[in-house]
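Contents: one structure, followed by commentary.
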Amino acid sequence: MESSRMAQKSWAKTPLWKRAEMLHKAGAILKDHKKPIAECLVKEIAKPATDALTEVVRSGDFVSYCAEEGVRILGKGEFLVSDSFPGNDRTKYCLTSKVPLGVVLAIPPFNYPVNLAVSKIAPALIAGNSLVLKPPTQGAVAALHMVHCFHMAGFPKGLISCVTGKGSEIGDFLTMHPGINCISFTGGDTGISISKKAGMIPLQMELGGKDACIVLDDADLDLAASCIVKGGFSYSGQRCTAVKVVLVVESVADALVKQVNQKVEKLSVGAPEDDCDITPVVTEFSSNFIEGLVMDAKQKGATLCQEYRREGNLIWPLLLDNVRSDMRIAWEEPFGPVLPVIRINSVEEGIRHCNQSNFGLQGCVFTKDINRAIQISDAMEIGTVQINSAPARGPDHFPFQGLKDSGIGSQEIANLDRNIDDMHDKLAL
Ligand SMILES: NC(=O)c1ccc[n+]([C@@H]2O[C@H](COP(=O)([O-])OP(=O)(O)OC[C@H]3O[C@@H](n4cnc5c(N)ncnc54)[C@H](O)[C@@H]3O)[C@@H](O)[C@H]2O)c1
């Protein structure tokens with residue numbers, strides 16, 4: 001904490017163009033080291049090999065993009081005159097510019113230990129902050145390699161510190177430390193408890209989701225089924241933006257379920273090294289939790305479209321049809337390759353289900369009627385709605401944020417000028 005505080009002071013005085021130059025260098029080095037870092041992701045979090053490489057490359061690109069946008073956004077200030085407000089003559093002038101917050105604590109989750117770390121690190125650094133990174137337990141080795149790339153680019157060590165350890169053991173020390181000036185967290189409900197414990201500092205929270213996919217009777221069912229399978233089962237469903245509940249109008253439900261099932265049968269199940277679609281989920285605890293949700297739904301009468309199968313932490317993809325709202329899986333986030341389908345009698349019923357959730361991250365609507373799609377999107381109380389496309393974060397420069405228990409603030413570079421995580425407005429009167 002002390003070295004971070006000291007390093008930040010001189011970093012804030014480093015010219016903006018120089019900060020950008022170093023970030024560009026770090027982005028390039030990160031991409032040069034994509035293979036060893038991706039190998040860590042494969043071993044540590046069972047991410048399929050190709051996706052692991054994509055995560056590192058996209059992270060390198062994001063660092064460069066941040067440097068570029070940062071120079072533009074932070075290079076500007078504002079000039080105000082007093083007579084634009086009633087009752088004032090032109091006797092006062094106001095100059096504003098952005099200044100850094102200080103030490104930013106960055107806590108990413110296990111599912112994107114590199115990308116979701118970099119998406120906190122790069123905006124914070126370009127804005128003149130220092131970083132204390134607490135990587136997830138699973139993914140810590142990949143994160144250490146990634147931080148090493150920043151050090152190789154010439155960033156002083158104290159500026160980016162990586163503190164490994166279990167969140168349950170070192171989390172409180174870090175999040176409640178008086179030397180922290182901002183917390184940028186991505187993860188589950190832990191974020192809610194952190195927000196209650198943290199002091200009076202800016203918080204940015206990207207938390208869980210229960211992304212609903214509403215399918216109307218006029219939808220292109222083949223497209224909807226492809227997006228549901230991609231959205232629901234990529235990285236074995238361990239994505240905040242995974243489709244986590246399908247709400248389909250009864251008249252097309254049989255046809256949709258049939259098409260989704262046909263695609264589910266084709267998913268490969270096995271090792272991440274073999275680039276299988278479905279790989280083991282992250283922990284035994286997680287596997288047991290997913291199994292609990294499946295068994296609860298089964299007991300209460302859901303239709304299991306495939307046989308439930310599990311070997312260790314490897315869970316075969318499963319579609320659960322005829323799920324009802326008294327089942328846990330209708331509301332809880334499995335973070336695994338199991339996807340509930342709720343049949344609805346009207347679009348309003350689908351919107352109601354979506355809005356009753358305590359989450360409000362993303363969702364999607366499938367219909368050929370774009371006017372209806374926009375009206376439904378507007379009615380869904382969530383951060384982002386995808387029309388005729390699966391929920392997803394990105395491209396990485398798009399703003400991304402959750403409502404309700406899904407988060408506070410938006411992390412993206414497009415919002416750098418409005419984003420209190422990385423800087424605040426300084427007034428010079
Ligand atoms: N909204 C988003 O952008 C987004 C993106 C990815 C994942 N997620 C969410 O993340 C969750 C899955 O990730 P996870 O299992 O790693 O989440 P998690 O909340 O268990 O852990 C997230 C991070 O918090 C740390 N942590 C744990 N206890 C802590 C404590 N007391 N103090 C400080 N840090 C602590 C963990 O070590 C990890 O680094 C899902 O709920 C998913 O929806 C959200």
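Atom set for the values below is all heavy atoms of this structure, side chains included, hydrogens, waters and symmetry mates excluded. Read the numbers this way: they start at 1 and go in the same order the structure lists the ligands and their atoms. One-based numbering along the sequence shown.
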Q | Option set T186, V282, T190, L105, criterion heavy-atom distance to atom 22 (C) of ligand 1, minimum | A | T186
Q | Nearest-contact summary for atom 13 (O) of ligand 1 - protein heavy atom, Å | A | P109 CB, 3.4 Å
Q) For K43, does the NZ atom sit with more than 12 other heavy atoms under 6.0 Å from it, leaving out its own atoms? A) no
Q) Evaluating non-hydrogen atoms only, which member of G402, P136, G209, G188 is closest to atom 11 (C) of ligand 1? A) G188
Q) Can K47 be said to sit on top of Y112's aromatic six-ring, NZ or CZ under 6.0 Å from centre and within 45° of the ring axis? A) yes
Q: Quick one: look at I107 and ligand 1, take heavy-atom pairs under 4.0 Å, and tell me if it's side chain, backbone, both or neither.
A: side chain
Q) Just wondering, are more than 12 heavy atoms of other shown residues or ligands nearer than 6.0 Å to NZ in K197? A) yes
Q. Do any N or O atoms from the side chain of E44 and from the backbone of A140 form a donor-acceptor pair under 3.5 angstrom?
A. yes
Q) Between R309 and E311, does a salt bridge (Lys or Arg N to Asp or Glu O under 4.0 Å) hold up when you go through it step by step? A) CA-CA 7 Å; R309 191 171 162 204; E311 279 174 24; 3.2 Å; yes
**Q.** Donor on one side chain, acceptor on other, S161 and S4, under 3.5 Å
**A.** no
**Q.** Min N/O separation F400 to ligand 1 under 3.5 Å
**A.** no
Q. With a cut-off of 6.0 Å (strictly less than), are more than 12 heavy atoms of other residues, nucleotides or ligands near NZ of K300?
A. yes
(Q) Side chain or backbone, does S406 bring an N or O within less than 3.5 Å of an N or O on ligand 1? (A) no
Q.
Among all protein heavy atoms in this structure, tell me which lies nearest to atom 32 (N) of ligand 1, with the distance rounded to 0.1 Å.
A. G171 CA, 3.2 Å
**Q.** Heavy atom of the protein closest to atom 5 (C) of ligand 1 (residue, atom name, distance)
**A.** C240 SG, 2.9 Å
Q. Where on E333 is there a heavy atom closer than 4.0 Å to ligand 1, on the side chain, on the backbone, on both, or on neither?
A. side chain
**Q.** N or O contact, G187 vs ligand 1, cut-off under 3.5 Å
**A.** yes
Q: Look at atom 40 (C) of ligand 1 and find which of F285, F335, F110, Y112 reaches it with the closest heavy atom.
A: F335
Q: Could you tell me the residue and atom name of the protein heavy atom closest to atom 35 (C) of ligand 1, and the distance to it rounded to 0.1 Å?
A: G167 CA, 3.6 Å
Q: May I ask you to list the atoms of ligand 1 that are less than 4.0 angstrom from any heavy atom of L116?
A: 5 (C), 6 (C)
Q: Mark up the atoms of ligand 1 that fall under 4.0 Å of a heavy atom belonging to I194, in ascending order.
A: 32 (N), 33 (C)
Q | Distance-only polar pair, side chains of T241 and Q362, donor-acceptor under 3.5 Å | A | no
**Q.** Neighbour count above 12 (heavy atom, 6.0 Å) for K404 NZ
**A.** yes
(Q) Can a donor-acceptor pair be found, under 3.5 Å and without considering hydrogens, that links the side chain of H148 to the backbone of L144? (A) no
**Q.** Any N/O pair R393/ligand 1 closer than 3.5 Å
**A.** no
Q) Quick one: does E206 get an N or O within less than 3.5 Å of an N or O on ligand 1? A) yes
Q.
Counting neighbours of NE2 on H151 that are heavy atoms of other residues, nucleotides or ligands and sit closer than 6.0 Å, is the number greater than 12?
A. yes
**Q.** Heavy atom of the protein closest to atom 37 (O) of ligand 1 (residue, atom name, distance)
**A.** K134 NZ, 3.0 Å
Q.
Only heavy atoms of N111, strictly under 4.0 Å: list the atoms of ligand 1 that pass.
A. 6 (C), 7 (C)
Q: If you have a sec, work out which protein heavy atom is nearest atom 24 (O) of ligand 1 and how many Å separate them, to one decimal?
A: F185 CE1, 3.2 Å
Q) Which residue from I183, L207, D189 reaches closest to atom 44 (C) of ligand 1 through any of its heavy atoms? A) L207
Q: Might you confirm whether atom CD of Q262 has over 12 heavy atoms from other residues, nucleotides or ligands at distances under 6.0 Å?
A: yes
Q. With only distance considered, is T175 within less than 3.5 Å of ligand 1 through an N or O on each side?
A. no
(Q) Looking at N129 and G102, would you say the former's side chain and the latter's main chain have a donor-acceptor pair under 3.5 Å? (A) yes
Q: Heavy-atom distances under 4.0 Å are what count here, so tell me which part of T241 touches ligand 1: side chain, backbone, both or neither.
A: neither
Q: Tell me whether the centres of the aromatic rings in W11 and F155 are closer together than 6.0 Å.
A: yes
Q) Just which atoms of ligand 1 are under 4.0 Å from any heavy atom in L361? A) 1 (N)
Q. Among all protein non-hydrogen atoms, which one is nearest to atom 39 (O) of ligand 1, and what is the separation to 0.1 Å?
A. P108 O, 2.8 Å
